[in-house]
Amino acid sequence: MQTLSHPYSNTLNFNQTFFSPNRVNPNRLTIKCGYGFEPLTRSDWQSSCAILSSKVAAQEQRSEPNNGSASQVPAVNGHKSAFTDLKLLPIGNLPVGENKALQPKPLTISDLSPAPKHGTQLRVAYQGAPGAYSEAAAGKAYPNCEAIPCDQFEVAFQAVELWIADRAVLPIENSLGGSIHRNYDLLLRHRLHIVGEVQLPVHHCLLALPGIPKEYLTRVISHPQALSQCEHTLTKLGLNVVREAVDDTAGAAEFVAVNGLRNTAAIASARAAELYGLNILANGIQDDPSNVTRFVMLAREPIIPRTDRPFKTSIVFAHDKGTSVLFKVLSAFAFRNISLTKIESRPHRNRPIRLVDDENRGTAKHFEYLFYVDFEASMADVRAQNALAEVQEFTSFLRVLGSYPMDMTPWSPASSLGDD
């Protein structure tokens, strides 16, 4: 478990501690400090450019004795890194259909006890009950993995941090519903690293108990994103129903089945209908057939960035010098012909209001924001390194969340199978 500075602090701790598996007894956890992870060497870890410290931390480190181990960053692809002078941090059970096999119960906070022995099968945490779209995304990202359901997004993060799971696959944005803000906040709170992305077509179904017609329904339950993605279609179906939000789509289907709710339908996947013995009243009820959710794959350690395939890099930064700084930050990418694929702002929780003195109008109050940016370049690309070196000059906080391969798999709405 990492010993962390506060996620919004300008000072990042260079002497972080981490849990790692004991080679003699894999069930025991030992503590390794600093850059002690294997198989990455210190140079490999630095070249991954996983976390940039803030200028405050860099200034503090310059004042400390230097043993020569942190001053040089290796060349990338024959080019001297632009970060040579910067300080870097490493970054309720139901039968399945007609058989009696029980579905795994989602992990909760109380289940996060010491990790079981590592096996050969990759263990991947996701949020939701079996049959959730997140489970399908985990299977697409890591075929033949052992999918571990979790009842909350934060439990999935902690499952990886505590070595209960090897990876987590969590939704970050949907083409209709927009960003999953909770996971943006958790990315900053935790120290997991984005190591990949996967895009999953979403195919919603209206599910109810067998023999229940649509006319009997007075309520529809599902995840808030799913309800919003099917809003217009539900109206066109002529359903005069109350719409209630629950934690996840498959959990909604499970709730209807467990409680035998004859007046309630769930919006979930066709797989959830099969798992929980429900009938599909309507198929493909999302408002837009091109409905897709983007998931990120999270790990305890970053991957080494490469330039032999398309990569994407995700960063988060804060500034305290006004809106003109945002223009300068974005210009650092525009001048180097680096395409931005997403920019998301979130209120700065520790410092939500900025006071600005104005002699003519008194004191103005402005919201302070953190900015999340995705751009199409690998951190092994000198252009990206130089861009972030320039960005650091205008920001009070800057962190690289991950540099990872882009999902380049073909996608067709007609082939969608059915996220939270």
Side-chain angles (χ1 to χ4, degrees), residues 126-129 131-138 140-141 150-154 156-157 168-188 194 197-207 219-237 239 241-253 255 265-272 282-298 312 314 340-347 369-374 407 411-420:
Y126 69 92
Q127 189 274 331
Y133 298 113
S134 292
E135 182 189 38
K140 181 179 179 181
C150 303
D151 71 338
Q152 302 174 39
F153 290 131
E154 187 153 16
F157 275 84
V169 174
L170 298 172
I172 199 69
E173 60 180 328
N174 175 266
S175 58
L176 299 183
S179 298
I180 314 297
H181 293 135
R182 177 61 176 162
N183 282 335
Y184 274 102
D185 294 338
L186 289 172
L187 281 172
L188 191 61
I194 303 177
E197 66 174 4
V198 60
Q199 297 178 6
L200 185 77
V202 177
H203 190 79
H204 290 309
C205 301
L206 186 67
L207 312 180
R219 181 173 63 158
V220 172
I221 62 174
S222 192
H223 187 274
Q225 288 269 345
L227 290 173
S228 66
Q229 292 163 17
C230 303
E231 181 179 359
H232 299 301
T233 304
L234 290 176
T235 302
K236 291 178 182 178
L237 289 174
L239 297 178
V241 294
V242 175
R243 303 166 191 182
E244 296 182 8
V246 296
D247 287 342
D248 65 278
T249 54
F255 184 77
I267 296 176
S269 66
R271 170 170 162 75
N283 207 338
I285 63 171
Q286 61 274 6
D287 294 336
D288 189 332
S290 299
N291 185 14
V292 60
T293 296
R294 174 175 168 248
F295 294 77
V296 290
M297 299 137 69
L298 304 174
K312 182 182 291 184
S314 298
L340 301 184
T341 59
K342 182 175 177 62
I343 180 168
E344 180 80 22
S345 63
R346 296 290 292 148
Y369 292 97
L370 290 160
F371 294 92
Y372 293 81
V373 171
D374 295 343
D407 183 2
W411 173 74
S412 171
S415 63
S416 61
L417 300 175
D419 170 338
D420 302 337

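The basis for the numbers below is simple: all heavy atoms, side chains too, and nothing from hydrogens, waters or symmetry mates. In what follows, residues are counted from 1 in the order of the sequence shown. Model, not experiment: these values are computed from the prediction.
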Less than 4.5 Å apart, any side-chain heavy atom of [X] and any of [Y]?
X    : Y    : answer
V202 : Q229 : yes
V246 : H223 : no
V220 : V242 : no
L239 : R219 : no

Got a donor-acceptor contact below 3.5 angstrom from the [X] side chain to the [Y] backbone?
X    : Y    : result
D288 : N291 : no
D247 : Q152 : no
S175 : V292 : yes
S222 : I267 : yes
Q286 : H203 : no
S269 : G131 : yes
N183 : P171 : yes

Rounded to the nearest 0.5 Å, what separation is found between the [atom1] atom of [X] and the [atom2] atom of [Y]?
X    : Y    : atom1 : atom2 : value
S134 : L200 : OG    : CG    : 8.5 Å
E197 : I172 : CD    : CD1   : 11.0 Å
N283 : L206 : CG    : CG    : 10.0 Å
L170 : E154 : CG    : CD    : 11.5 Å
L187 : I194 : CG    : CD1   : 5.0 Å
Y126 : E135 : OH    : CD    : 4.0 Å

(request) Would you check if there is a donor-acceptor pair between the side chains of Y133 and H204 at a distance under 3.5 Å? (result)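 Result is yes, a qualifying pair exists.
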(message) We want to know whether Q127 and D151 form a side-chain donor-acceptor pair, criterion being a heavy-atom distance below 3.5 angstrom.
(response)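 On atom types as modelled, these side chains do not qualify, holding no pair under 3.5 Å.
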(request) For L340 and V373, run side chain to side chain contact (heavy atoms under 4.5 Å, CB included): C-alpha distance rounded to whole Å, both residues' side-chain angles, the deciding distance at 0.1 Å, then the answer. (result) CA-CA 7 Å; L340 301 184; V373 171; 3.7 Å; yes
Of all heavy-atom pairs between [X] and [Y], which one has the smallest distance, and what is that distance?
X    : Y    : answer
C205 : A270 : SG-N, 4.0 Å
A253 : A268 : CB-CB, 4.2 Å
A137 : V198 : O-CG1, 4.1 Å
A250 : A132 : CB-N, 3.3 Å
N174 : Q225 : CB-OE1, 3.8 Å

(request) Could you go through the side chain to side chain contact (heavy atoms under 4.5 Å, CB included) check for E173 and I180 one step at a time? (result) CA-CA 5 Å; E173 60 180 328; I180 314 297; 5.5 Å; no
(request) Report the C-alpha distance between V241 and L234 in whole Å, list the side-chain angles of each, state the deciding distance to 0.1 Å, and finish with yes or no for side chain to side chain contact (heavy atoms under 4.5 Å, CB included). (result) CA-CA 9 Å; V241 294; L234 290 176; 5.5 Å; no
(message) Could you check whether H181 and Y372 have their ring centres less than 6.0 Å apart?
(response)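 Judged by ring-centre distance (under 6.0 Å), Y372 and H181 do not meet the cut-off.
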(request) Flag the pair E344 and K342 as a salt bridge only when some basic side-chain nitrogen lies within less than 4.0 angstrom of an acidic carboxylate oxygen. (result)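 A salt bridge is present here (some side-chain N lies under 4.0 Å from a carboxylate O).
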(message) Taking the basic N atoms (NZ, or NE/NH1/NH2) and the acidic carboxylate oxygens, is any pair closer than 4.0 Å for D287 and K236?
(response) no
(request) Would you sort out whether L188 and L370 count as a side chain to side chain contact (heavy atoms under 4.5 Å, CB included), showing the intermediate values? (result) CA-CA 10 Å; L188 191 61; L370 290 160; 3.4 Å; yes
